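Because the structure is a prediction, the values reported are computed rather than measured. Note on naming: letters A, B, ... go to the chains in the order of the sequence lines (proteins, then strands), and numbering restarts at 1 for each one.
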Amino acid sequence: MAKFKGATVVDTERCKGCNLCVVACPLDVLALTAKSVNQKGYPYAQEVKEDTCNGCASCATVCPDGCITVYRKKAE
Amino acid sequence: MTREEIIQPENLVYKKPALLNDVPMHYCPGCSHGMVHKLIAEIIEEMGMEEKTIGVCPVGCAVFAYKYVDIDWQEAAHGRAPAVATAVKRLWPNHLVFTYQGDGDLACIGTGETIHALNRGENIVVIFINNAIYGMTGGQMAPTTLIGQKTATCPYGREVKLHGWPLKITEIAATLDGTCYVTRQAVHNVAAIKKAKKAIRKAFENSLAGKGSSLVEIVSTCNSGWKLSPEKSNQWMEENMFNFYKLGDLKDE
Ligand SMILES: Cc1ncc(C[n+]2csc(CCOP(=O)(O)OP(=O)(O)O)c2C)c(N)n1
């Protein structure tokens, strides 16, 4: 089976810290910031596990505010 | 492989639909409204109907939907969206016309308009966000509130003797001759979101084909009104709402 490497880009200013992407990620790649907040005062989602994302886009699919962009590349 | 190598335009698999603009949505964190707005924007984009779609906004939390999805919109008085959509569709028969309404709007103050527009078989789509509560005004009981569910106006839980039974307006819609497609969906996980997207697209296509009215109910959460986290709200919905509001197609002709 082909292996994929993925990456997420979170629009941290648009993110409201609802945590739904964190719950949806099957590989536990995302978590909300513990110490920093965005300009609106929300903690925001960020990748906390390096080299794990496979670009399945579950996080972005469930994001109600459309804050996440996902990229996926076939690993050679 | 570095992150920079992955983050390249040719590797893009998911991004916010362009039709959903950059205006920050006023919805609470985790609100189902945002999710459904995003689906509607994706579908209209995929259908290439950006210039030929007219939405009708309700009164309720989605009153500002027109600020977020870049199509033409008309605001309606509380509950009157299907009546307004009737006029819009009759004047613009080649346009895709849909209403977007909450349960307080659609199943309470606007029950008459909803049932009659659907029964007339107007070629419109009604998107019905059922969060079992009046979200915008602070979480009061709606006709759709479940038995035993606590709200601001039934703090001890809804009681049949005092408040009557929850209203299954989608089941009623399925019995009407004017409807061609009546379905109940949810947007709490990836699989449900994909199904809901297909359902909304089918409803839009039916209305363009002149088959009659379609109703797409989305069983939704109102985490602020329910006083739960977004995640717990999804769990509560799965455990309680889905038993009463069963997901699936009720009518497909
Ligand atoms: C004629 C009229 N009556 C009452 C109101 C007050 N009001 C505003 S929103 C709302 C209920 C909205 O609930 P719902 O349709 O379920 O939408 P939600 O906010 O949950 O998305 C009410 C009763 C109003 N704006 N206009």
From OH (B/Tyr14) to CZ (A/Arg72), nearest 0.5 Å: 15.0 Å
Quick one: which of A/Cys63, A/Cys15, A/Cys67 has the most heavy-atom pairs under 4.5 Å with chain B, could you say? A/Cys63
So what's closer than 4.5 Å to chain B heavy atoms on A/Ala60: side chain, backbone, both or neither? both
Whatever's closer than 4.5 Å to a heavy atom in chain B on A/Asp65 counts as both
How about NZ on B/Lys198, more than 12 heavy atoms from neighbouring residues, nucleotides or ligands closer than 6.0 Å, or not? no
Minimum heavy-atom distance between A/Pro64 and B/Cys31, given as atom pair plus value: CB-O, 3.4 Å
Atom CD of B/Glu4 and atom OH of A/Tyr71: how far apart are they, to the nearest 0.5 Å? 12.0 Å
Minimum-distance pair of heavy atoms, taken over all atoms of A/Cys18 and B/Pro230: O-CG, 3.6 Å
If one checks every heavy atom of A/Val62 against chain B at 4.5 Å, the contacting part turns out to be both
Exam field: side chain A/Lys16 to backbone B/Tyr27, donor-acceptor pair closer than 3.5 Å: yes
Chain A contact via B/Ile193 - side chain, backbone, both or neither, heavy atoms under 4.5 Å: side chain
Among A/Glu13, A/Lys40, A/Arg14, residue most engaged with chain B (heavy-atom pairs, under 4.5 Å): A/Arg14
Value for CD1 (B/Ile6) from NZ (A/Lys5), rounded to nearest 0.5 Å, stands at 7.0 Å
Could you tell me which portion of B/Asn223 (side chain, backbone, both or neither) has an atom closer than 4.5 angstrom to a non-hydrogen atom of chain A? neither
So, taking the atom named CD1 in B/Ile7 and the one named OG1 in A/Thr8, what distance separates them when rounded to the nearest 0.5 Å? 7.5 Å
Using non-hydrogen atoms and a 4.5 Å limit, figure out which bit of B/Tyr68 sits close to chain A: side chain, backbone, both or neither. neither
Hey, which of B/Cys28, B/Ala41, B/Pro29 has the most heavy atom pairs under 4.5 Å with chain A? B/Pro29
NZ/NE/NH1/NH2 to OD/OE distance under 4.0 Å, A/Glu47 and B/Arg3: yes
Can you tell me how far the NZ atom of B/Lys16 sits from the OG1 atom of A/Thr69, to the nearest 0.5 Å? 8.5 Å
Contact class of B/Leu12 relative to chain A, heavy atoms under 4.5 angstrom: both
How long is the straight-line distance from CE of B/Met35 back to CG of A/Leu20, given to the nearest 0.5 Å? 10.0 Å
Select one option (side chain, backbone, both, neither) describing which atoms of B/Gln8 are under 4.5 Å from chain A's heavy atoms. backbone
B/Lys38 side-chain N/O to A/Thr61 backbone N/O, donor-acceptor pair under 3.5 Å: yes
